[in-house]
Amino acid sequence: MILLWLLLGGIACSLLGLSALRVLDARDDRAQWRRLAALQPADPVRFDPRRVEGLPEPARRFFGFAIAPGTPLLTVAELHMGGEFSLGPPDRPVYQPMDARQILAAPEGFLWTLRLPNGVSGSDFGSPARGWTRFRIFGLVPVARLGGARDHTRAAFGRYVAEALFWTPAALLPRPGVTWEALGEDAARVTVTAGDLSQAVDVRLDAEGRPLVVEFQRWSDANPERRYRLQPFGGFLSDFREVQGFRVPFAVEAGSMFGTERYFPFFRARLKSVRFPPSPHP
């Protein structure tokens, strides 16, 4: 009987500990969401095509497509996405319908929260200073808990710089820390630097300036050796729609080893909504 009570007490303590951890994680999520939302310009300037006159022609064409003249240059976006996400390996992908929400404020960071029907939920967060990956099953049991290492921060930086290219284009207008170069008639490269982090992202365009393909060398451990190294990452963009003066893709497919026979599109997002919220500090 004593052993039974000890066992039950141990289970109860474990559940309390896991519940407390979940509460702390949720508090972190809310705090980072608020911090990133506060980065929205309170009185944004409006887009003037003359601002990009000095850029290479493919970059000018991209901005001419992505931002309508006179659009307030809001750099923080909130996204609600469905679609599919795979937690399985490339040779045995297991796609799950996903429900995810994200705030994107490059180059200062992003927060992505995810729920899958198999009970997995959690969040990814990245900023130039720190980041985490925290996922659990049934709301309690941790199945992934990473963060604090510079490798993780560098990997996350690549993700949100690439996403800024098509979801928050105003964040990549020319300024200190953002440079553009041509890679041919229909391709350009943007390089974003924040502190000691730097990421180059390539974009392929159509004749109108619509970004169709985004690719870059990402610092990643998504390989059989589970060792961090630079390797190709990228994907395809489609279903462009206008939101508050920006043209953004509502369909995004992306994955590791892009452009090779080992390409694995584990992320197939279909946006439900995009908004560029006003600054909380008018």
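This chain uses plain numbering: 1 for the first residue, then up along the sequence. The figures here come from the full heavy-atom set of this structure, side chains too, leaving out hydrogens, waters and symmetry mates.
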inquiry  = Less than 6.0 angstrom separating the ring centers of Phe85 and Phe266, yes or no?
reply    = yes
inquiry  = Salt bridge or not between Arg241 and Asp239? Use side-chain N to carboxylate O under 4.0 Å.
reply    = yes
inquiry  = Please tell me whether Trp180 and Phe63 form a close aromatic pair, meaning their ring centres lie under 6.0 Å apart.
reply    = yes
request  = Could you tell me whether a side-chain N or O of Arg61 sits under 3.5 Å from a main-chain N or O of Asp206, the two making a donor and an acceptor?
outcome  = yes
query = Is the gap between the ring centers of Phe62 and Phe166 under 6.0 Å?
reply = no
ask   = Does some side-chain heavy atom of Pro89 sit less than 4.5 Å from a side-chain heavy atom of Phe264?
value = no
request  = Quick one: name the residues clustered hydrophobically with Phe125, using the 4.5 Å side-chain heavy-atom rule over I, L, V, M, F, W, Y, and just say none if it's on its own.
outcome  = Trp33, Leu36, Leu39, Val76, Ile103, Leu111, Trp132
task = Say whether, by atom type as modelled, one donor and one acceptor occur between the side chain of Ser86 and the main chain of Val94 under 3.5 angstrom.
result = yes
key: salt_bridge(Asp99, Lys272) N-O dist < 4.0 Å   = yes
ask   = Among Val201, Thr191, Leu165, whose side-chain contact (heavy atoms from CB on, under 4.5 Å) with Leu172 holds?
value = Leu165
key: Within-4.5 Å side-chain heavy-atom neighbours: Pro277 and Gln40   = yes
key: Check: Ile67 main-chain N/O paired with Glu242 side-chain donor or acceptor under 3.5 Å   = no
note = The salt bridge (charged side-chain N to carboxylate O under 4.0 Å, His left out) partners of Arg50 (sequence neighbours excluded) come to Asp48
query = Does CZ in Arg210 sit with more than 12 non-hydrogen atoms of other residues, nucleotides or ligands closer than 6.0 Å?
reply = yes
inquiry  = Does any part of the side chain of Val274, heavy atoms only, come nearer than 4.5 Å to the side chain of Phe276, both counted from C-beta?
reply    = yes
message = Using a 6.0 Å distance limit plus a 45 degree cone around the ring axis, check whether Arg268 lies over the aromatic ring of Tyr95.
response = yes
query = So, Phe258 versus Tyr263, ring centres under 6.0 angstrom or not?
reply = yes
